[in-house]
Amino acid sequence: MAHIVILGGGLGGVMAAYEIRKKVRTADQVTVINETAFFQFVPSNPWILVGWRDRKDILIDLTKPMKKRHIGLVVGKAIKVEPEEKQVRLENGEVVAYDYLVIATGPELAFDAIEGFGPANGLTQSVCHVDHAVTANKAFETFCANPGPVVVGAVQGASCFGPAYETAMIIETELRKRKIRDKVPITFVTPEPYIGHLGLDGVGDTKGMLESEMRDRHIKWITNARITKIESGHMHVEELNEDGSIKKIHDLPMSYSMMLPAFRGVEAIRDIKGLVNAKGFVIIDKHQQNPTYPDIFGIGVCIAIPPMGETPVPVGVPKTGFMIESMVTATADNLAAILAGKAPTNEATWNAICLADFGDGGVAFIAQPQIPPRNVNWSAEGGWVHLAKVGFEKYFLRKVRTGHSETFYENAALGVLKTHKLKD
């Protein structure tokens, strides 16, 4: 019997628990370690910010579905992974031993990198966590009583840009609903070299579609942007030239702001030689395994992926939902093979399907694979994207609630789109 421990209970960790439990031997033990007993559907956080969802709408207590699937759930904060001892040490003093470890922690949010940045000790809001989104909503309601300039976007080193675009558009849509849009100048600030880069050098015509959307909504933008400091009522931004020199310095007035942070590896795995890179992200091979510690796998936002290329301001590569699910499937199949005495052979496609909701429309894209050059490079826009995102939210929450990593309908739809999780 083997004990497989999954560190993290987000999108990657929960799906990994369900899929690994399904594919490994009945006698094998599967355990999830997570800081809380609930799963949160992070893509809905921009809706919470404007009051379109409540906190309870996007949370699921993991206790029942984990128990139903015979998966152990340990609630506690991991403070150190000890790969030589093959164990995870928790903040409460507990130690969880493993035979195989799947790291799916997600990132640590680097709010401390810029003065005045972040929801806890700074002056900007976040949609990276449900608690951040709830705080952002309270601040948004206060803002709407006395509206002024809004700054939305991402800071240097960020790698997740979709929620920044979504938040800017959703705020704009809500302001129009409240009949106060005319009182609110909006500026989108991003380290991307161009609008719609997304950390992926664009997908299809994301550049043209997102620029057009922003023009239609009278949202100004600054690209190649580096935030130097945030003060009450002001954001200080350096706009860089292609050679990295300063093109222009902006002092943006700010009554409300949501800025996405850069990511780094969590403290529990940082500085472990051979396991992580300089930023604390897990090093993996094509089978999702760590080369130094082959009993450790990495999936999701916590893995190391090099940037697309040099840009004037550092820009990371996002790990989108379907891309993460493809990592989950490859990891589950490879673990099953190893436990059967075979070599791992499965490789994730890292294909991407993305729905970016704008409240009354949106942009969708398919990238096969996510990182170019691609076999499929498609994007589209329209009101149907908002409806599709709502439908996907309900579908995914049901998957988590019922303990399924995939369904017949999902596989049928992916077959029609010719978008698969594993390489042939």
Side-chain angles (χ1 to χ4, degrees), residues 38 40-59 109-155 158 160-190 214 217-222 225 227-237 250-261 356-360 386 389-390 393:
F38 61 80
Q40 57 174 302
F41 189 67
V42 174
S44 294
N45 284 341
W47 292 340
I48 289 181
L49 183 148
V50 294
W52 298 354
R53 294 288 187 279
D54 291 325
R55 188 177 190 275
K56 62 180 175 57
D57 296 331
I58 68 164
L59 298 185
L109 310 174
F111 290 120
D112 58 348
I114 301 169
E115 182 181 346
F117 182 39
N121 301 308
L123 300 162
T124 62
Q125 305 301 325
S126 163
V127 291
C128 295
H129 189 281
V130 64
D131 292 341
H132 295 170
V134 170
T135 299
N137 171 250
K138 293 176 182 176
F140 183 72
E141 292 300 330
T142 300
F143 160 80
C144 287
N146 184 26
V150 165
V151 180
V152 177
V155 308
C160 186
F161 297 98
Y165 286 100
E166 286 188 304
T167 301
M169 307 297 187
I170 286 170
I171 285 175
E172 196 275 340
T173 299
E174 178 62 16
L175 292 175
R176 280 189 281 112
K177 288 181 178 180
R178 297 190 187 209
K179 308 296 185 184
I180 56 173
R181 177 66 182 91
D182 58 315
K183 300 177 181 179
V184 182
I186 302 176
T187 305
F188 189 82
V189 177
T190 178
M214 287 191 171
R217 294 171 183 263
H218 302 285
I219 298 174
K220 297 181 180 180
W221 65 79
I222 302 171
I227 314 302
T228 57
K229 185 168 66 171
I230 300 165
E231 298 177 308
S232 180
H234 295 272
M235 182 178 293
H236 301 280
V237 181
H250 301 265
D251 180 5
L252 298 178
M254 179 189 84
S255 296
Y256 186 89
S257 176
M258 195 299 294
M259 298 293 291
L260 296 178
D357 171 55
F358 298 162
D360 54 1
H386 171 70
K389 183 71 176 277
V390 172
E393 175 200 49

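Computed from heavy atoms alone, side chains included, the values below leave out hydrogens, waters and symmetry copies.
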Which heavy-atom pair separates [X] from [Y] by the least distance, and what is that distance?
X: Ile227; Y: Val189; answer: CD1-CG1, 3.6 Å
X: Gly118; Y: Phe111; answer: CA-CD2, 3.5 Å
X: Leu175; Y: Cys144; answer: CD2-SG, 4.3 Å
X: Ser232; Y: Leu123; answer: N-CD1, 3.3 Å
X: Ala164; Y: Gly153; answer: CB-O, 3.6 Å
X: Ile170; Y: Phe358; answer: CG1-C, 3.9 Å

Salt bridge (Lys or Arg N to Asp or Glu O under 4.0 Å) against [X], all qualifying residues, sequence neighbours excluded:
X: Asp112; value: Arg264
X: Lys229; value: Glu231
X: Arg217; value: Glu172, Glu213, Asp360

Pair listing, side-chain hydrogen bond (donor to acceptor under 3.5 Å, both in side chains) test, anchored in residues 137-154, at least two apart: Glu141-Arg178
side-chain hydrogen bond (donor to acceptor under 3.5 Å, both in side chains) partners of residues 120-134, not counting sequence neighbours, each pair once: Gln40-His129, Arg55-Asp131, Ser126-His132
Under 3.5 Å donor-acceptor pairs involving side-chain atoms of residues 252-260, not counting sequence neighbours:
from: Tyr256; atom 1: OH; to: Ala136; atom 2: O; distance (Å): 2.8
from: Ser257; atom 1: OG; to: Val151; atom 2: O; distance (Å): 2.8

Side-chain ion pair, Glu174 and Arg181, N-O less than 4.0 Å: no
Separation between [atom1] of [X] and [atom2] of [Y], rounded to the nearest 0.5 Å:
X: Glu115; Y: His236; atom1: CD; atom2: NE2; value: 8.5 Å
X: Ser44; Y: Arg53; atom1: OG; atom2: CZ; value: 6.0 Å
X: Glu166; Y: Ile171; atom1: CD; atom2: CD1; value: 12.0 Å
X: Ile58; Y: Ile48; atom1: CD1; atom2: CD1; value: 3.5 Å

Residues in ring pair (Phe, Tyr, Trp, His ring centres under 6.0 Å) contact with Phe188, at least two apart in sequence or another chain: Tyr165
Steps toward side-chain contact (heavy atoms from CB on, under 4.5 Å) verdict (Phe41, Val130): CA-CA 8 Å; Phe41 189 67; Val130 64; over 6 Å; no
Intermediate values then yes/no, side-chain contact (heavy atoms from CB on, under 4.5 Å), His250 and Met235: CA-CA 8 Å; His250 301 265; Met235 182 178 293; over 6 Å; no
Evaluation steps, side-chain contact (heavy atoms from CB on, under 4.5 Å), between Ile222 and Thr190: CA-CA 6 Å; Ile222 302 171; Thr190 178; over 6 Å; no
Cation-pi, Trp52 ring and Lys177 (6.0 angstrom, 45 degrees): yes
For Asp357, side chain to side chain donor-acceptor pair (under 3.5 Å) partners two or more places apart: Trp47, His386
